[in-house]
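Being a predicted model, the structure only gives us computed values, none of them experimental. Only this structure's heavy atoms are used, side chains among them; waters, hydrogens and symmetry mates stay out. Below, chains carry the letters A, B, ... as their sequence lines are ordered, and counting in each starts from 1.
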Number of protein chains: 2
Amino acid sequence: MRVLVADDDPQILKALRIILTAHGYDVSTARDGREAIDAAAHDRPDVIVLDLGMPGLDGVAVIEAVRGWTTTPILVVSGRTDTSGKVDALDAGADDYVTKPFATEELLARIRAVTRRAPEAADGPTVAFGDVVVDLAARQVKRAGQDVRLTPTEWAVLEQLVRNPRRLVTQQTLLTSVWGPTHTRDSGYLRIYLGTLRKKLEADPSRPRHLITEPGIGYRFVPDPE
Amino acid sequence: MRVLVADDDPQILKALRIILTAHGYDVSTARDGREAIDAAAHDRPDVIVLDLGMPGLDGVAVIEAVRGWTTTPILVVSGRTDTSGKVDALDAGADDYVTKPFATEELLARIRAVTRRAPEAADGPTVAFGDVVVDLAARQVKRAGQDVRLTPTEWAVLEQLVRNPRRLVTQQTLLTSVWGPTHTRDSGYLRIYLGTLRKKLEADPSRPRHLITEPGIGYRFVPDPE
DNA sequence: GTCCGGCGTATGGATCGCGTAAAGACGGCC
DNA sequence: GGCCGTCTTTACGCGATCCATACGCCGGAC
């Protein structure tokens, strides 16, 4: 998880870098609004912690500029405690607003809160569950960072399920979409391919948590409950 | 845009209702944690404004219960200013945390911020009653956020009833739609499956409130009595 | 009070569907 | 032609589901 911290105070920058790094984040930094926008575009962070009191560009202008091309969560940190400042920042596109001084634990919790809601706001239409990441566009599956080799049929089944998260996909739908309209009755294919998919993707293939069977009807893909 | 406001202080409740209504929101209210959970399930609001200091259920427990089945944004309002309270609430699934007293303009801005990101959850039209949510499109039933496992026959019966809320469904209709046109006289099947459905979905299976028997005629599904 | 029809519940056996393994068939590639 | 990966087909064990039956309860009719 990458964090961009933008603040003009080198001490705060340093302190935040240490704290965030200690909590497992990759930290990049910016010292003014111009740098912040460049870094946001270049580093593609998962969340931006933005100080409004930076010289040069106005803080709200930075937010609006960044919001022009990305939905990356923005958490504003500011010395201003007045309501209008908060309202302006939030309405410009910030996701949260914390006033200085703040407890680091609270900042971390708020970072978790805003990133929790935008897991797929990263780049690419990926679906993640457990330690698995499915990139539908790239036709690629990774597990714990490692490439997972899927056969064409396995991919076709998985894709159909992943494209309908939480929804039940009937056996007939799967069969016709993968094997063609002639196949309408389960010849046992599905059981086999769901088996191999579970073996490759589930932590415990004998107790699947994401590729669920609905007996007599079909199958269901369930992403992480969080 | 619907807002659920949960607070045990009637004055705050009233004030928020007036303010939010004036800004174009449809407001529903709850006075304790239990009510809040029920209202969240029944009214399906677009955002929940939740006071943590309510009697009865712990605020964090309310958040976790609601998070069990929906991603509706939750904005916590609390008198507690300590860090641990904020961290607990945010990590439980809250999207924002505002301490009393707060400026109404700020609250409104924060509501806009959390709702801006919500993509109006893609789960289809649902029918809710009690702590049960039936998603006809996804063919899924949840109770208090937990998945309820229904057999194909159980689902077929439930679906037929839920699709005709408040209307009486005759035994013959149920039999022919579930078991085929040959079955026209009650062989005792319906009694059995209504029994299991009540066991799985009713708060008190011996005193059903939603799956009602009409003696000699059929059955009737009744959503929550207002 | 007694009878009776309709309903709810429990129980046991037959059946169905699923998961798994293994082996043969097919096609691409060297 | 031989090798390899993938797909198809078949078979078996096991658990869940469904079916069939029986019994107890309740309210209404008489």
Side-chain angles (χ1 to χ4, degrees), chain A residues 139 141 147-161 168-180 182-222, chain B residues 139 141 147-161 168-172 174-180 182-221:
Chain A
R139 207 171 221 260
V141 180
D147 263 37
V148 178
R149 267 181 67 78
L150 293 186
T151 72
T153 310
E154 285 167 2
W155 173 262
V157 174
L158 180 64
E159 182 180 22
Q160 193 66 225
L161 289 170
L168 183 136
V169 183
T170 64
Q171 295 176 355
Q172 187 171 344
T173 301
L174 280 168
L175 286 165
T176 54
S177 72
V178 176
W179 282 272
T182 58
H183 294 73
T184 174
R185 194 169 54 91
D186 181 15
S187 325
Y189 302 161
L190 292 175
R191 297 178 301 195
I192 293 173
Y193 283 101
L194 264 294
T196 67
L197 283 172
R198 284 178 183 139
K199 230 177 270 178
K200 292 183 177 179
L201 303 180
E202 289 274 3
D204 182 357
S206 61
R207 313 183 90 187
R209 292 180 47 191
H210 303 106
L211 300 173
I212 308 297
T213 300
E214 295 288 346
I217 306 295
Y219 293 86
R220 184 194 305 275
F221 164 67
V222 180
Chain B
R139 206 179 185 126
V141 181
D147 265 37
V148 178
R149 178 160 287 277
L150 295 186
T151 71
T153 312
E154 285 167 3
W155 173 265
V157 174
L158 179 65
E159 182 180 22
Q160 194 64 225
L161 289 171
L168 182 131
V169 183
T170 64
Q171 294 177 356
Q172 186 171 342
L174 280 168
L175 285 165
T176 55
S177 71
V178 176
W179 281 272
T182 60
H183 294 73
T184 174
R185 194 168 55 88
D186 181 14
S187 325
Y189 303 162
L190 290 176
R191 296 177 303 190
I192 295 174
Y193 285 101
L194 265 294
T196 66
L197 282 173
R198 283 176 184 142
K199 224 178 276 178
K200 291 182 178 179
L201 303 180
E202 290 275 2
D204 182 358
S206 61
R207 300 187 164 188
R209 292 178 48 192
H210 303 106
L211 301 173
I212 309 298
T213 301
E214 298 287 346
I217 310 293
Y219 293 86
R220 185 194 304 274
F221 164 67

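Listed pair A:R198 / C:dG19 meets the phosphate criterion, a side-chain N or O lying under 4.0 Å from OP1 or OP2. Residue B:Y219 has no polar side-chain atom (N or O) positioned under 4.0 Å from OP1 or OP2 of C:dC7. Taking only side-chain nitrogens and oxygens, B:Y193 never comes nearer than 4.0 Å to OP1 or OP2 of D:dT17. Neither OP1 nor OP2 of C:dG6 sits under 4.0 Å from any side-chain N or O of B:T213. Taking only side-chain nitrogens and oxygens, B:T151 comes nearer than 4.0 Å to OP1 or OP2 of D:dC18. Remark: A:R149 is in phosphate contact with D:dT6, judged by side-chain N or O atoms under 4.0 Å from OP1 or OP2. For B:W179 and D:dC19, the shortest distance from a side-chain N or O to OP1 or OP2 is below 4.0 Å.
More than 12 non-hydrogen atoms from other residues, nucleotides or ligands lie less than 6.0 angstrom from CD of B:E214. Within 6.0 Å of CD1 in B:I217 there are 12 or fewer heavy atoms belonging to other residues, nucleotides or ligands.
Atom C1' of nucleotide C:dA22 and atom NZ of A:K199 are separated by 11 Å, given to the nearest angstrom. Rounding to whole angstrom units, CZ of residue B:R207 and P of D:dC26 are separated by 12 Å. To the nearest angstrom, C1' of C:dG19 lies 8 Å from CZ of A:R191. The CH2 atom of A:W155 sits 19 Å away from the C1' atom of D:dG5 (whole-angstrom rounding). The distance between atom CD1 of B:I192 and atom P of D:dA20, rounded to the nearest whole Å, is 10 Å. For the pair A:I212 CD1 and C:dG17 C1', the interatomic distance rounds to 17 Å; values are reported in whole Å. Distance A:L190 CG to C:dG19 P: 10 Å, rounded to the nearest Å. Atom CG in A:L175 sits about 11 Å away from atom P in C:dC18, given to the nearest Å.
Ring centroid separation for the pair A:Y193 and A:W179 comes in under the 6.0 Å cut-off.
Side chain of A:T173 to main chain of A:V169: no donor-acceptor pair is present (N/O by atom type, distance under 3.5 Å, no hydrogens or angles). The closest donor-acceptor contact from the side chain of A:E202 to the backbone of A:L197 lies at 3.5 Å or more, if one exists at all.
Residue contacts shown for B:Q171 are limited to sugar-phosphate atoms, with no base heavy atom under 4.0 Å away.
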